[in-house]
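Heads up: the structure comes next, in structure tokens.
Excluded from the calculations below are hydrogen atoms, water molecules and symmetry mates; all remaining heavy atoms, backbone and side chain alike, are included. These figures come from a predicted structure and were not determined experimentally. Positions are given from 1 along the sequence.
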Amino acid sequence: MTVGETAARSEAPAPPAALGTPSAPGSPLDLRPPARLGRRRRHPALSAGVRIAVPLVLLAAWWYGSASGRLSPDVLTGPGAVLGALRELVSTGQLTDYVLASARRAGLGVLAGCGLGLLLGVAAGLSALGEELIDPTMQMNRAVPFLALVPLFISWFGVGETFKIVLIAVAAAGPMYAYTYLGVRNVDRKVVEAARGFGLRGARLAAGVVVPSALPSVLMALRVSMSVSLTGLIAAEQLGATEGVGYLVTLAQQYYRNDYMVLCILIYALLGLGIDLVIRAVERYAMPWRGQVTAR
């Protein structure tokens, strides 16, 4: 080796240290290994405790306000009176009958409304002709409050079960269509073109590629539609009904039973919580990767 080569080698920069090896402080490669990789998961018991903490605090405040007299029974009935109303309805069997009647109406209405909204959203999102035919009408339908349609539906269907189911279906169809339409429009076009290249068309393309790709939006639409349908259920059951939670609300208004009124509110809250838990379970099963990409 010549003297020039030896000098060149001695002047060449030293190779950088490995990424996982800390460098000297102040050096150009002041790298540190990350303290932790991955997502830190809470213990299930701790997570459940955090979730119920705020409801328990509100329940304790309600109980204390009623027991101390700071909350008048005419303003808000105490928990003891509500529990008494619950025992009264359970002992007569009316609570089970009313909840089942409301669940049947809500189930049929949501099934019809969400099914129609899903089909229309996929058709409008996939096809330019479908968008031109469907989207203007659905946007007008979404702009009209569904409660404003109550007199019209009564003149068409009367105040029987058909009226109630149709009103709930109309309430659920709007959010399902809007979210599904946006979800389908956001599906990667290359994925759709690749599926068409393999011969998928029409219903097979929608069921096999488009709807699974838009599943986050569809599940969000289902969550919103179920919440809105409870409003439609309340309005429907206060007209011409002889059973249901909404009918119980009407009885509470007529007989000035504040305990029944609060009980009905709690029943609706528990129904909404149960619906949300079911949709969360479906989301966790159908999209297990969602928990790994959330920025937390």
Distance-only side-chain donor-acceptor flag, Asn141 / Tyr177, under 3.5 Å
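No, Tyr177 and Asn141 have no side-chain donor paired with an acceptor closer than 3.5 Å.
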
Nearest 0.5 Å please: distance from the [atom1] atom of [X] over to the [atom2] atom of [Y].
| X | Y | atom1 | atom2 | result |
| --- | --- | --- | --- | --- |
| Leu76 | Ser66 | CG | OG | 5.5 Å |
| Gln94 | Leu251 | CD | CG | 8.5 Å |
| Ile134 | Gln139 | CD1 | CD | 11.5 Å |
| Asp97 | Leu248 | CG | CG | 12.0 Å |
| Ile168 | Met226 | CD1 | CE | 10.5 Å |
| Leu83 | Thr77 | CG | OG1 | 11.5 Å |

Under a 4.5 Å side-chain heavy-atom rule over Ile, Leu, Val, Met, Phe, Trp and Tyr, are [X] and [Y] clustered together?
| X | Y | value |
| --- | --- | --- |
| Val211 | Leu126 | yes |
| Leu167 | Leu108 | no |
| Leu116 | Tyr179 | no |
| Met138 | Tyr181 | yes |
| Tyr247 | Leu86 | yes |

Pairing of Lys164 and Glu237 as salt bridge, 4.0 angstrom limit:
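So Lys164 does not pair with Glu237 through a salt bridge.
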
With no hydrogens and no angle check, is any side-chain donor or acceptor of [X] less than 3.5 Å from a backbone partner on [Y]?
| X | Y | value |
| --- | --- | --- |
| Ser155 | Leu152 | yes |
| Ser102 | Val245 | yes |
| Ser225 | Ala172 | yes |
| Ser127 | Ala124 | no |
| Trp63 | Gly80 | no |

Residue pair [X] / [Y], side-chain heavy-atom distance below 4.5 Å:
| X | Y | answer |
| --- | --- | --- |
| Val144 | Met140 | no |
| Glu131 | Arg185 | yes |
| Thr96 | Leu100 | yes |

Do you know the tightest heavy-atom contact between [X] and [Y]?
| X | Y | value |
| --- | --- | --- |
| Pro212 | Gly208 | CG-O, 3.7 Å |
| Met176 | Val218 | CE-O, 4.1 Å |
| Phe163 | Phe153 | CD1-CB, 3.7 Å |
| Val228 | Ala171 | CG1-O, 3.5 Å |
| Ala112 | Ala169 | CB-CB, 4.2 Å |

Taking Leu222 as the fixed residue, which of Thr180, Leu118, Ile279 is the one that meets the side chain to side chain contact (heavy atoms under 4.5 Å, CB included) rule?
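Answer to the side chain to side chain contact (heavy atoms under 4.5 Å, CB included) test with Leu222 among Thr180, Leu118, Ile279: Ile279.
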
Quiz: residues 258-276 side-chain donor-acceptor pairs under 3.5 angstrom, not counting sequence neighbours:
residue, atom, partner, partner atom, Å
Asn258, ND2, Pro73, O, 3.1
Asn258, ND2, Asp74, O, 3.2
Asp259, OD1, Arg257, NE, 3.1
Asp259, OD2, Arg257, NH2, 2.8
Tyr260, OH, Glu88, OE2, 2.8
Tyr268, OH, Gly246, N, 3.2
Asp276, OD1, Arg223, NE, 3.1
Asp276, OD2, Arg280, NE, 2.9

For Glu283 and Met220, run side chain to side chain contact (heavy atoms under 4.5 Å, CB included): C-alpha distance rounded to whole Å, both residues' side-chain angles, the deciding distance at 0.1 Å, then the answer.
CA-CA 10 Å; Glu283 184 178 24; Met220 177 56 69; over 6 Å; no

Is Arg204 atom CZ crowded by more than 12 heavy atoms from other residues, nucleotides or ligands, each under 6.0 Å away?
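No, not enclosed.
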
